[in-house]
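Everything numeric in this text was worked out from a predicted model, so none of it was measured.
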Amino acid sequence: GSWCPAPLCRGRALPRPPPGPACAVGSPLRWAASFSQPGPTESDPGEGQVFLSESCVKRLLEITEGSEFLRLQVEGGGCSGFQYKFSLDKVINPDDRQGQRGGARVVVDVDSLAFVKGSMVDFSQELIRSSFQVVSNPQAEKGCSCGTSFSVKF
């Protein structure tokens with residue numbers, strides 16, 4: 001199995017999400033291409049979508065104020081080649097795609113969206129840590145046990 005360096009994985013290893021219907025909760029969140037991309041991109045099937053779990057929506061509504069939203073980025077690094085980075089933000093950039101469910105907003109830049117389309121964003125609460133996570137990512141080949149790092153299918 002893959003292991004993580006200490007700074008990335010604080011706390012114990014997280015259990016893998018069960019395969020099948022358990023991962024299919026949440027309604028689809030379509031990324032609107034119309035805000036920042038002129039032209040025929042709206043009907044582009046490659047635009048992708050991301051899902052938000054109930055716990056993600058609930059937690060976002062608790063912690064965001066006013067125009068704040070959750071930003072999901074994919075960066076190089078981590079023990080498997082790429083890692084997910086979550087932050088609260090208020091600024092929408094020209095290459096961002098955004099979607100919402102139940103009043104909670106998530107924004108992903110177009111480069112990162114290529115690595116997470118079809119995934120679900122979840123909020124996991126455990127005894128010693130709580131965090132936003134990307135679960136059941138169809139673009140990822142393998143992830144590390146802490147759920148923050150992954151490698152891409154080629």
Side-chain angles (χ1 to χ4, degrees), residues 1-19 22-26 28-33 35-37 41 44 46-60 62-65 67-101 104-154:
S2 54
W3 64 278
C4 289
L8 259 178
C9 293
R10 292 178 193 89
R12 62 192 165 85
L14 295 175
R16 290 205 169 279
C23 293
V25 293
L29 177 66
R30 284 239 169 247
W31 298 100
F35 320 33
S36 48
Q37 286 236 149
T41 47
D44 179 8
E47 191 62 29
Q49 57 182 337
V50 169
F51 304 88
L52 298 184
S53 72
E54 291 287 348
S55 60
C56 174
V57 171
K58 182 171 179 279
R59 183 60 179 157
L60 274 177
E62 289 169 0
I63 63 173
T64 54
E65 296 174 4
S67 59
E68 275 184 327
F69 53 80
L70 183 71
R71 177 175 292 283
L72 167 58
Q73 291 170 286
V74 173
E75 297 180 339
C79 41
S80 304
F82 292 92
Q83 58 191 356
Y84 304 114
K85 182 183 171 194
F86 290 98
S87 57
L88 291 180
D89 200 350
K90 290 184 175 181
V91 180
I92 303 275
N93 300 315
D95 68 337
D96 284 337
R97 300 290 174 266
Q98 64 173 324
Q100 62 179 346
R101 177 183 176 204
R105 290 196 303 157
V106 175
V107 169
V108 184
D109 63 87
V110 73
D111 293 335
S112 296
L113 184 58
F115 294 103
V116 295
K117 59 188 177 188
S119 305
M120 173 167 293
V121 180
D122 188 29
F123 180 71
S124 167
Q125 212 158 3
E126 298 193 25
L127 195 61
I128 54 173
R129 81 166 190 172
S130 57
S131 62
F132 288 102
Q133 293 180 336
V134 174
V135 293
S136 55
N137 182 353
Q139 313 308 317
E141 191 166 55
K142 62 179 181 7
C144 75
S145 58
C146 58
T148 61
S149 173
F150 69 103
S151 63
V152 176
K153 288 179 185 169
F154 289 109

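Expressed to the nearest 0.5 Å, how far CZ of R59 lies from OG of S131 amounts to 11.0 Å. Distance check: R105 CZ to L52 CG gives 12.5 Å after rounding to the nearest 0.5 Å. One finds the CG atom of L72 at 9.0 Å from the OG atom of S87 (value rounded to the nearest 0.5 Å).
A 4.5 Å side-chain heavy-atom check between F132 and L60 finds at least one atom pair inside the cut-off. You'll find the side chain of V50 reaches within 4.5 Å of the side chain of L113, heavy atoms only. Taking the side chain as every heavy atom from C-beta outward, P138 and S119 approach each other to under 4.5 Å. Considering only heavy atoms from C-beta on, L70 stays 4.5 Å or farther from T64 through its side chain. Side chains of V134 and V74 form no contact here, defined as non-hydrogen atoms less than 4.5 Å apart.
Side-chain atoms of Q73 do not come within 3.5 Å of backbone N or O of S112 as any donor-acceptor pair.
Qualifying salt bridge (charged side-chain N to carboxylate O under 4.0 Å, His left out) partners for K58, counting only residues two or more places apart in sequence or in other chains: E62. For S55, the side chain to side chain contact (heavy atoms under 4.5 Å, CB included) test picks out S53, D122, F123, with sequence neighbours left out. Residues passing the side chain to side chain contact (heavy atoms under 4.5 Å, CB included) test with E65, sequence neighbours excluded: E68. In this structure, the side chain to side chain contact (heavy atoms under 4.5 Å, CB included) partners of D89, at least two apart in sequence or on a different chain, are F69, R71, V91. Scanning for side chain to side chain contact (heavy atoms under 4.5 Å, CB included) contacts around E75 gives Q83, K85, with sequence neighbours left out.
For the residue pair A114 and Q139, the shortest heavy atom distance occurs at O-CG, 3.6 Å. The shortest non-hydrogen separation linking V121 to F86 is CG1-CE2, 3.9 Å.
Legend: salt bridge (Lys or Arg N to Asp or Glu O under 4.0 Å) pairs involving residues 130-139, not counting sequence neighbours: none detected.
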Exercise. May I have the step-by-step check of side chain to side chain contact (heavy atoms under 4.5 Å, CB included) for D109 and N93, ending in yes or no?
Key: CA-CA 8 Å; D109 63 87; N93 300 315; over 6 Å; no
Self-check item: Working for side chain to side chain contact (heavy atoms under 4.5 Å, CB included), residues E54 and R101
Solution: CA-CA 9 Å; E54 291 287 348; R101 177 183 176 204; 2.6 Å; yes
